[in-house]
Amino acid sequence: MSSEVRTRFAPSPTGYLHVGGARTALFNWLFARNHLGKFILRIEDTDKKRNTAEAYQVIYDGLSWLGLDWDEGPHVGGNFGPYFQSERNSIYENYLNRLEKNGVLYEDEGAIRFRSPRKTVIVEDMVCGRVIFDMSHPGTHPDMTLRRPDGTWIFHFVNVVDDIEMKISHVIRGEDHLSNTPKHIELYEALGAPRPRFAHIPLILNHEGKKLSKRDGGASVDTYRADGYAPEAVINYLSLLGWSPGENREILKVPEILELFDIQSINRRNAIFDLDKCFWMNGQHILRMTLDRFAELALPFIEKAGVAYGSRERLLPVLAIVKEKIKVFRDVPEWIRYFFTEEFVIDPAAVENTLRKAGALDRLKALRDSYQALETWDLHHLESRLKETATQIGCKTGDLIHPARVAVSGRSVGPSLYHMLEILGQKSVLNRFEKTFRQFSL
RNA sequence: GGCGCAUUCGACUAGUGGUUAGGUCACAGCCCUCUCAAGGCUGGAGCACGGGUUCGAUCCCCGUAUGCGCUGCCA
């Protein structure tokens with residue numbers, strides 16, 4: 001029981017969930033789940049006035065969307081709450097009193113400072129190895145402040161107190177905290193508390209090699225949901241920043257990541273975030289996911305775009321034939337809209353490149369004639385009849401296929417033509433052909 | 001400035017005291033093909049630099065450079 005693994009993610013409500021934070025949360029979550037331990041969410045909302053309800057919600061939404069469920073924290077409670085620093089004032093008072101009794105505090109213009117023991121502190125980090133800090137010089141390592149004159153708390157103190165109180169066994173956090181760690185260790189020692197194991201993971205940087213900021217594309221987790229990424233793809237991508245399972249494995253499902261993840265094998269080098277690869281990876285996950293999962297993730301975008309798909313029974317076959325083309329779910333509506341309405345947009349460039357080609361409409365008319373007479377409207381008959389027609393009028397199949405695609409969809413790119421025609425049905429296809437003749441004949 | 005961490009193709013990474021330094025994204029070309037994707041093949045592209053240690057270093061050690069982080073009464 002005392003050896004139970006307990007990790008935590010301790011964000012402050014800044015209004016968005018940073019991908020770097022999400023990755024920190026992910027590694028904490030993976031480590032806890034791997035060791036059958038507990039993953040705790042604690043909100044570090046000490047002295048911020050902009051702590052709006054939305055700012056908290058963004059954190060819950062982001063983590064939930066990614067599937068990083070917490071065992072203790074907001075909404076779920078736990079035995080070590082409250083899980084908001086803003087509600088833990090009396091706890092901090094107690095700990096401050098303990099330090100006061102130990103004579104390690106002093107007042108400085110109204111602020112409370114901690115008197116450093118001025119010794120060498122050795123950090124045994126699970127990622128960075130042994131790191132030695134010489135704390136003996138006040139010039140380079142000034143005594144840290146624990147509390148401001150107005151009574152509000154400083155991060156280092158409350159962070160350590162909470163980790164002690166919440167029995168955090170492993171502190172997994174960004175490498176920007178490595179230099180803070182000796183200070184934290186001094187507090188653990190002064191409080192007579194056992195120190196946790198530390199693991200400092202490399203940071204995520206932007207293309208300029210700077211810390212990824214809110215302005216950088218892909219910095220905020222909610223944009224992934226908005227743009228139509230699958231959470232499992234984002235998890236996969238983030239997991240490979242600073243970590244690799246080896247054997248050239250890359251496309252991994254969450255259970256696989258869980259199985260393969262090993263905190264010892266995290267590297268120490270900062271990683272630059274590459275949205276292109278994340279995008280590619282999303283496509284790979286889409287390719288591999290079930291149609292049900294695809295539909296589940298695509299549906300919000302379809303609804304939002306107002307595509308009147310009628311029923312799930314009508315929608316699924318359409319999704320089935322576009323699934324392999326889709327990279328992000330945001331694109332789904334444009335790929336399927338014309339299946340459900342006659343009022344679809346016609347791409348002028350597509351018209352120019354196909355319907356306006358010499359003889360294109362005549363060939364399409366020949367195809368119309370053969371399809372009009374087609375009795376069995378299915379994939380195979382559509383294909384063989386089109387090929388026969390091409391042979392009869394002496395053109396390549398592509399010379400029929402391309403104009404036909406534009407005629408029925410308004411687009412020059414799309415799924416396989418025969419699949420499209422089969423789903424659209426004979427009546428609709430012939431209608432669209434006629435409409436095309438009316439609209440584009442000279 | 002001080003302290004800490006890092007440095008393998010443009011990016012993410014694998015890797016070992018002796019390898020043709022491997023994979024993936026991106027890029028280019030080719031193949032496949034009804035478009036677009038997907039897929040296949042090929043190509044360009046990398047061990048920051050200088051000293052050591054060693055028979056031999058990308059790998060170990062020391063410097064230098066560069067980058068990042070910390071150096072707050074931010075978190």
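First the proteins, then the strands, lettered A, B, ... as listed; each starts at 1.
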State which of [options] makes the closest approach to the side chain of [X].
X	options	answer
Lys210(A)	C68(B), U35(B), A75(B)	C68(B)
Ala271(A)	A11(B), U71(B), C12(B)	C12(B)
Thr140(A)	G2(B), G72(B), A26(B)	G2(B)
Leu417(A)	U35(B), C34(B), A11(B)	C34(B)
Leu205(A)	C68(B), G2(B), U35(B)	C68(B)
Phe133(A)	G4(B), C34(B), C12(B)	G4(B)
Ile401(A)	C73(B), C34(B), A14(B)	C34(B)
Glu250(A)	C3(B), A75(B), U24(B)	U24(B)
Asn180(A)	A14(B), C12(B), C70(B)	C70(B)
Lys325(A)	C36(B), U71(B), U13(B)	C36(B)

Just checking [X]: base, sugar-phosphate only, or nothing, at a heavy-atom cut-off of under 4.0 Å?
X	answer
Gly414(A)	base
Gly242(A)	sugar-phosphate
His207(A)	nothing
Pro11(A)	nothing
Asp150(A)	nothing
Ser244(A)	sugar-phosphate
Glu247(A)	nothing
His200(A)	nothing
Lys396(A)	nothing

Start at the 5' end of RNA chain B and walk down; is the nucleotide closest to Arg23(A) or to Thr145(A) reached first?
->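 Closer to the 5' end of RNA chain B: Arg23(A).
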5' precedence on RNA chain B between Asp143(A) and Leu240(A) (nearest-nucleotide basis) = Leu240(A)
Expressed as a whole number of Å, how far does the [atom1] atom of [N] sit from that of [M]?
N	M	atom1	answer
G10(B)	A28(B)	C1'	14 Å
U16(B)	U54(B)	C1'	16 Å
G40(B)	A45(B)	P	23 Å
G46(B)	C62(B)	C1'	25 Å

Between Phe261(A) and Trp243(A), what is the ring plane arrangement, given parallel below 30°, perpendicular above 60°, and tilted in between?
-> tilted
Could you tell me how the ring of His184(A) sits relative to the ring of His156(A): parallel (under 30°), tilted (30 to 60°) or perpendicular (over 60°)?
->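 His184(A) vs His156(A) ring planes: tilted.
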Give a yes or no on whether the ring-centroid distance for [X] and [Y] is below 6.0 angstrom.
X	Y	result
Tyr224(A)	Phe329(A)	no
Phe114(A)	Phe157(A)	no
Tyr371(A)	Trp377(A)	yes
Tyr418(A)	His381(A)	no

It should be established whether [X] places a side-chain nitrogen or oxygen under 4.0 Å from OP1 or OP2 of nucleotide [N].
X	N	answer
Arg268(A)	C68(B)	no
Lys277(A)	U13(B)	no
Thr46(A)	A75(B)	yes
Gln284(A)	A37(B)	no
Arg148(A)	C74(B)	yes
Arg411(A)	U35(B)	no

Rounded distance (Å) that lies between atom [atom2] of [N] and atom [atom1] of [X]:
X	N	atom1	atom2	answer
Tyr56(A)	A75(B)	OH	P	13 Å
Asp399(A)	U33(B)	CG	P	17 Å
Leu275(A)	A11(B)	CG	P	17 Å
Leu355(A)	U35(B)	CG	P	17 Å
Glu324(A)	U35(B)	CD	P	13 Å
Ile204(A)	A6(B)	CD1	C1'	16 Å
Asn282(A)	C12(B)	CG	P	20 Å
Arg42(A)	A75(B)	CZ	P	13 Å

Identified pairing partner of [N], criterion: Watson-Crick or G-U wobble below 3.5 Å:
N	value
C32(B)	none
U53(B)	none
U64(B)	A48(B)
C59(B)	none
A11(B)	U24(B)
A75(B)	none
C3(B)	G69(B)

If we ignore angles and hydrogens, is there a donor and acceptor under 3.5 Å between the side chains of Thr181(A) and Arg173(A)?
-> yes
[X] (side chain) and [N] (base): donor-acceptor pair under 3.5 Å:
X	N	answer
Thr397(A)	C34(B)	no
Arg405(A)	C34(B)	yes
Ser179(A)	G69(B)	yes

Cation-pi, Trp70(A) ring and Arg8(A) (6.0 angstrom, 45 degrees) |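 No, Arg8(A) does not sit over the ring of Trp70(A).
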Short question: side chain of Thr145(A), backbone of Arg147(A) - any donor-acceptor pair under 3.5 Å?
->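 Checked: no pair found.
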